[in-house]
> 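Following this message is one structure expressed as structure tokens.
By convention in this document, chain letters (A, B, ...) are assigned in the order of the sequence lines, proteins followed by strands, and residues within each chain are numbered from 1.
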There are 2 protein chains.
Amino acid sequence: MELENLTDSRIARPRRYEDGCGMAHALDLLGDRWALLVVRELMLGPKRFSDIRADLPGISANTLTQRLEELERSGVVLRQTLPPPASGQVYGLTEWGYQSKPIMGALARWATRSPGHDVAQNFSPVSLLLSFQAMGQPGLPKDIDATFGFRFGRESYVSWIRDGAIGAERGDASGADVIFTGTPRAVASAVYGGASLHALEAEGALKVEGDRALASRFVTLFPLPEKAVV
Amino acid sequence: MELENLTDSRIARPRRYEDGCGMAHALDLLGDRWALLVVRELMLGPKRFSDIRADLPGISANTLTQRLEELERSGVVLRQTLPPPASGQVYGLTEWGYQSKPIMGALARWATRSPGHDVAQNFSPVSLLLSFQAMGQPGLPKDIDATFGFRFGRESYVSWIRDGAIGAERGDASGADVIFTGTPRAVASAVYGGASLHALEAEGALKVEGDRALASRFVTLFPLPEKAVV
DNA sequence: CGGCATCCGGGAAGATACTG
DNA sequence: CAGTATCTTCCCGGATGCCG
């Protein structure tokens, strides 16, 4: 009796859309609630279950477990067991999963043109760094060659701009030409909301170290695309 | 009492993800079940309610109504009332909605690399034509300059290849250099499944008119990307 | 034909609590 | 820390019926 209700992880979930189109298959892979945001959180390197959960406010442990299982089964996510002493598990993207990055960037860029998009929301650390890469398309000034560090609570990230392109990864912020310390939201309010760095520092929302002129220029590098006229 | 449960269409649906990231907003716009496929169906020109529904087997009238409402409210879809004698309404994409096309193409291309993707499924007429545009990226042979007509039941489409690029729209197939008549699935089995045109014609699944050599070449132009190794 | 309103059943998501 | 168990709620799909 109970066996009929058994959901066996070895049995692939049935297709949701009977459709050979690649877009429909993309929805089978990433169309579940939260799935795309889980992938986003792994885009700058593997993370632990709790860290993903912490950066995705609103997701339940239950749902995150399920999404990670499905993404692993479909070959987008890879579960890795860390060697001691840092024992535990982390989830990362497969090579193929990682290749969705520019597409997601383009999608994000498209969506910011929505009249309903409000940039004064929360950003996760990863989503902020990714947004720089998305909004830095198609080109940044070629005369910049510098590194930028970000310290958000326990997580820290480094981004570099060179030859008109921008990269980013999780890592040590020390030694960067500019270091921002605060919340992703505070940085976003400077970059996207036009808030002044001085004001943010005055109210204690942000700390800026290093080359201040470079910092002031950094926040102007990522103009949002124009809103769509509807 | 009942008023508390009233869902007023004038009140915007609350954000589902409290997240300023563009990708999260994209999910607010297109993340609902079927939403992306509805947009896909409009990508080659406006369609009527029933025609959308007919090409999305499995969607309920109820859900389609709701998706169209939401997409219209968010500025992706535009509802137009046709003048007599063709009275009735059609749904089309806004300029901004239409601009998601290359992104969706890239997403579809990415998804076909999935080990779980099976091309031997149903295609809607629109999804087939769009798949040609997606798989024809980044380039087609520059020595082709021709038009291709497709007749799928009542709907017919025209596609043209020139200067290494491919375009498509709903329209009259007459006068094209090659005309395919049959089901989208039959054409897909030739283009993506390696089925021979002769065999398909022999079993009555497809009719090919016009330049047969060109038709034979056409079906080789859209190789699927390699499967991802996982 | 082109929808919209309503009720029903199933399943996925959320909240909370609990376990190794 | 990394999940599981349970309960509740909400969304989706199917069917039906109404209306212009």
> Can you tell me how far apart CZ (A:Arg185) and CG (A:Leu128) are? Round to the nearest 0.5 Å.
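Reported value, rounded in 0.5 Å steps: 12.5 Å.
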
> Check the phosphate of C:dG3 against B:Gln89, side-chain N and O only, distance under 4.0 Å to OP1 or OP2. Yes or no?
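Yes, such a contact exists.
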
> Classify every nucleotide of nucleotides 6-16 of chain D by which part a protein heavy atom approaches to under 4.0 Å, writing B for the base, S for the sugar-phosphate alone and - for neither, in 5'-to-3' order.
B-----SBB--

> For C:dG2 and B:Arg79 - does any side-chain N or O of the residue sit under 4.0 Å from the phosphate oxygens OP1/OP2?
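For C:dG2, OP1/OP2 do not have a side-chain N/O of B:Arg79 under 4.0 Å.
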
> Going by the side-chain hydrogen bond (donor to acceptor under 3.5 Å, both in side chains) test, which pairs reach into residues 101-111 of chain B, not counting sequence neighbours?
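Matches after skipping sequence neighbours: B:Lys101-B:Gln133.
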
> With sequence neighbours excluded, tell me which residues meet ring pair (Phe, Tyr, Trp, His ring centres under 6.0 Å) with A:Tyr192.
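A:Tyr192: no ring pair (Phe, Tyr, Trp, His ring centres under 6.0 Å) contacts found.
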
> What is the distance from CD of A:Glu69 to C1' of C:dA12, rounded to the nearest Å?
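Checked: the CD to C1' distance equals 14 Å.
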
> With sequence neighbours left out, write down each residue that passes side chain to side chain contact (heavy atoms under 4.5 Å, CB included) with A:Ala108, or none if nothing qualifies.
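A:Ala108: side chain to side chain contact (heavy atoms under 4.5 Å, CB included) contacts with B:Met23.
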
> Expressed as a whole number of angstroms, how long is the span from A:Lys47:NZ to D:dG3:C1'?
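So the NZ-C1' distance, A:Lys47 to D:dG3, works out to 17 Å.
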
> Can you see if the side chain of B:Arg48 gets near the phosphate of C:dG2 - specifically, an N or O under 4.0 Å from OP1 or OP2?
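For C:dG2, OP1/OP2 do have a side-chain N/O of B:Arg48 under 4.0 Å.
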
> So, is B:Tyr91 close to the C:dG3 phosphate, meaning a side-chain N or O under 4.0 Å from OP1 or OP2?
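For C:dG3, OP1/OP2 do have a side-chain N/O of B:Tyr91 under 4.0 Å.
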
> Rounded to whole angstrom units, what separation is found between the CG atom of B:Leu64 and the C1' atom of C:dG3?
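So the two atoms are 10 Å apart, to the nearest Å.
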
> Output all residues satisfying side chain to side chain contact (heavy atoms under 4.5 Å, CB included) with B:Ala205, sequence neighbours left out; order by chain, then residue number.
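Testing B:Ala205 for side chain to side chain contact (heavy atoms under 4.5 Å, CB included), a comparison that skips the adjacent residues, returns B:Ala186, B:Leu200, B:Glu203.
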
> Any side-chain heavy atom of B:Asp51 sitting closer than 4.5 Å to one from B:Glu41?
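In short, these two side chains do not touch, never coming nearer than 4.5 Å.
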
> Please pick, from C:dG2, C:dG3, D:dT4, the nucleotide with the shortest atom-to-atom distance to any side-chain atom of A:Thr65.
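Ranking C:dG2, C:dG3, D:dT4 by closest atom to the A:Thr65 side chain puts D:dT4 first.
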
> Rounded off to whole Å, could you give me the CD-to-P distance for the B:Glu72 and C:dG3 pair?
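Result: 11 Å.
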
> In chain order, what residues pass the ring pair (Phe, Tyr, Trp, His ring centres under 6.0 Å) check against B:Tyr91, with sequence neighbours excluded?
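For B:Tyr91 there are no ring pair (Phe, Tyr, Trp, His ring centres under 6.0 Å) partners, ignoring immediate neighbours.
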
> Closest nucleotide of DNA chain C for A:Ala61 versus for B:Leu68: which of these residues is on the 5' side?
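Taking each residue's closest nucleotide, the earlier one in sequence belongs to B:Leu68.
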
> How many Å lie between CZ on B:Arg53 and C1' on C:dC4, as a whole number?
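Rounded to whole Å, this separation is 12 Å.
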
> Nearest to the B:Phe49 side chain among C:dG2, D:dG3, D:dA2, which nucleotide is it?
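Selected nucleotide (nearest to the side chain): C:dG2.
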
